[in-house]
There are 2 protein chains.
Amino acid sequence: MAADAGKPKRGTYRHGDLRNALVRAGLELARQGGPEAVVLRAATREAGVAPNAAYRHFADRAALLHAVSQEAMAQVARTMEAEQAALPPTADPAAAARARFRAVGTGYLRFAQEEPGLFRTAFHVPGDMSHAADDSAAGGSGKTPFELLGAALDGLVETGRLPADRRPGAEFLAWSAVHGLAALLIDGPLRGLQPDQVHDAGQHLIDMVERGL
Amino acid sequence: MAADAGKPKRGTYRHGDLRNALVRAGLELARQGGPEAVVLRAATREAGVAPNAAYRHFADRAALLHAVSQEAMAQVARTMEAEQAALPPTADPAAAARARFRAVGTGYLRFAQEEPGLFRTAFHVPGDMSHAADDSAAGGSGKTPFELLGAALDGLVETGRLPADRRPGAEFLAWSAVHGLAALLIDGPLRGLQPDQVHDAGQHLIDMVERGL
DNA sequence: CCCGAATGTGTACATCGTACACAACGGGTG
DNA sequence: CACCCGTTGTGTACGATGTACACATTCGGG
């Protein structure tokens, strides 16, 4: 009994889609326990394969984690895009630009709240986070979270809502604020806030950013 | 030759100050490699003691890491206090309050830049970060970084620089912004910035916070 | 002086990442 | 169609880590 525990123990010698299977397994591990939970042996176990098989597709654990991280970042981008897509249509271009800007931050914070493990994994990045611009982190629109923010800021400038001389570097200021709040919400003193309180805190923060940019 | 490799291999059976020795060793590990580098066996090795000796003073690795984290947070507080102490004396109370507020952020960012490993360890906090208010995280003035920020904000209110109705929750907005920038500077896309560029970015961010609070 | 509580040691085990040698597959060339 | 070799998975092995359990040593009071 219990011959095949959960997994059907693939009959073929070849797996066929191991790399993807490992990333998917890693994604699930990350969802539940954040980046440190993305464990090579657990992923291979889930895929029904020997631990070392992973090394045919990833140089080491860090490489797998990186792939998982990129996928998590793409999910962040998709959440942002969804937030923007859900916006009510507006005739006023300035109001529309402002709403799109706020949706970027709101989507970011929503994702952090709903999927803290994946969020931490997305922005974990040991060593170098320059991958924030890699295509593999893009969402449906082909834009990474960072690029979505930049586009929203450009929209503010175009509609005269943000002085052009304040534009350079603005993404870092806005990102800092929102990212910092996400950190406080996830495992900071703000953890345990009710969802609507979280939403309020996010709106207050974005208010501050809009005023201060 | 090489009988005692580095450590003099304590003659006495009792160590006498193991708990502190472990925290100190952990602090050094954290400085070099961040929280994940705080390894029980390495700390005991450094203290010249068997691995299990640590369990007489800490429930597990997490407990040691927590102690190290609190000490790192105290160092953050001291850096903030030093930044405030270095301020030129001013007659104008409003200007003084503002300068003290800015010094809180500047000290925070300075520490993040100068001691990234310790900084990450200070605000690592797996599970619950409510310890940010524990006395063990206080600096020379007896205040934790969080309390120093609160006091600076109170000063802004007293001098009329910040409307009282904006005060509630303001520490979270300010902290979010500064903490987020620290994250981007340490292992985000802003890593590798020159120290003076870092300083400029910090001042810009604090400008934004002042305008937006 | 002597005995119990506090502190450190020794041994042991599960889990992890990963190196190295071997095995099974399967597609291209003859 | 047969063979052969590169790709992909397996097996075995090693060192490191956290930690449990039993034992040894020491110190401070009675």
Side-chain angles (χ1 to χ4, degrees), chain A residues 3-26 28-30 32-69 117 121 124 126-127, chain B residues 3-26 28-30 32-69 117 121 124 126-127:
Chain A
D4 50 327
K7 300 295 140 188
K9 182 188 242 184
R10 151 193 56 104
T12 63
Y13 186 87
R14 301 302 180 114
H15 180 288
D17 194 28
L18 221 203
R19 191 197 155 92
N20 280 5
L22 290 176
V23 172
R24 265 194 302 275
E28 182 54 29
L29 292 169
Q32 293 176 4
E36 56 275 12
V38 178
V39 167
L40 251 183
R41 293 179 100 111
T44 55
R45 222 175 288 141
E46 169 71 19
V49 112
N52 287 343
Y55 288 88
R56 298 296 171 191
H57 302 273
F58 300 98
D60 53 14
R61 178 194 120 105
L64 169 60
L65 181 53
H66 181 248
V68 171
S69 167
T121 305
H124 153 82
Chain B
D4 50 328
K7 299 296 140 189
K9 183 190 243 184
R10 151 191 57 103
T12 64
Y13 185 86
R14 299 302 179 99
H15 180 287
D17 194 29
L18 221 202
R19 192 195 153 94
N20 280 3
L22 290 176
V23 172
R24 265 194 302 276
E28 181 54 28
L29 292 169
Q32 294 176 7
E36 56 276 11
V38 178
V39 167
L40 252 183
R41 293 179 100 109
T44 55
R45 222 176 287 140
E46 170 71 18
V49 113
N52 287 344
Y55 288 88
R56 297 297 170 188
H57 303 273
F58 300 98
D60 53 13
R61 178 194 120 105
L64 168 61
L65 181 52
H66 180 249
V68 172
S69 168
T121 305
H124 154 82

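Just so it is clear: chains get the letters A, B, ... in the order the sequence lines come, proteins before strands, and each one is counted from 1. Heavy-atom basis, side chains included; hydrogens, waters and symmetry copies ignored.
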Q.
Taking the minimum atom-to-atom distance to the side chain of A53(B), which one of dC22(C), dT18(C), dT9(C) wins?
A. dT9(C)

Q.
At less than 4.0 Å, is any side-chain N or O atom of R45(B) found next to OP1 or OP2 of dT17(D)? Yes or no.
A. yes

**Q.** Rounded distance in Å - CG (L65(B)) to P (dG18(D))
**A.** 11 Å

Q: Check the distance between dT12(D)'s C1' and Y55(A)'s OH and give it to me in whole angstrom.
A: 15 Å

Q) Below 3.5 Å, does any donor atom in the side chain of R61(A) face an acceptor in the base of dT18(C), or the other way round? A) no

**Q.** Nearest-0.5 Å distance that lies between atom NE2 in H15(B) and atom CZ in R56(B)
**A.** 15.5 Å

Q) CG of L40(B) versus P of dG18(D): gap in Å, rounded? A) 5 Å

Q | Euclidean distance, atom CG of residue D17(B) to atom C1' of dA6(C) [Å, nearest integer] | A | 15 Å

Q | Interatomic distance, L29(B) CG vs dT17(D) P [rounded to whole Å] | A | 10 Å

Q.
Between P on dT7(D) and CZ on F58(A), what's the gap in Å once rounded to a whole number?
A. 18 Å

Q) Between A59(B) and R14(B), who's closer to the 5' end of DNA chain D by nearest nucleotide? A) A59(B)

Q. Looking only at atom types and distance, does a side-chain atom of T121(B) sit under 3.5 Å from a main-chain N or O of S69(B), one as donor and one as acceptor?
A. no

**Q.** Most 5' of R41(B) and L18(A) on DNA chain D, judged by nearest nucleotide
**A.** L18(A)

Q.
According to salt bridge (Lys or Arg N to Asp or Glu O under 4.0 Å), who are the partners of R19(B), at least two apart in sequence or on a separate chain?
A. none

Q) For dG8(C), does either OP1 or OP2 sit under 4.0 Å from a side-chain N or O belonging to Y13(B)? A) no

Q. Counting just side-chain N and O atoms, does H57(A) come under 4.0 Å of either OP1 or OP2 of dG9(D)?
A. yes

(Q) Nearest whole Å is fine: how far is dA24(D) P from R56(B) CZ? (A) 14 Å

Q.
Quick check for you: to the nearest 0.5 Å, what is the distance between L22(B) atom CG and E46(B) atom CD?
A. 10.0 Å

(Q) Expressed as a whole number of angstroms, how long is the span from R19(B):CZ to dT7(C):P? (A) 11 Å

**Q.** Polar side-chain contact N52(A)-dT12(D) base: donor and acceptor under 3.5 Å
**A.** yes

Q. Mind checking what makes salt bridge (Lys or Arg N to Asp or Glu O under 4.0 Å) contact with R14(B), not counting sequence neighbours?
A. none

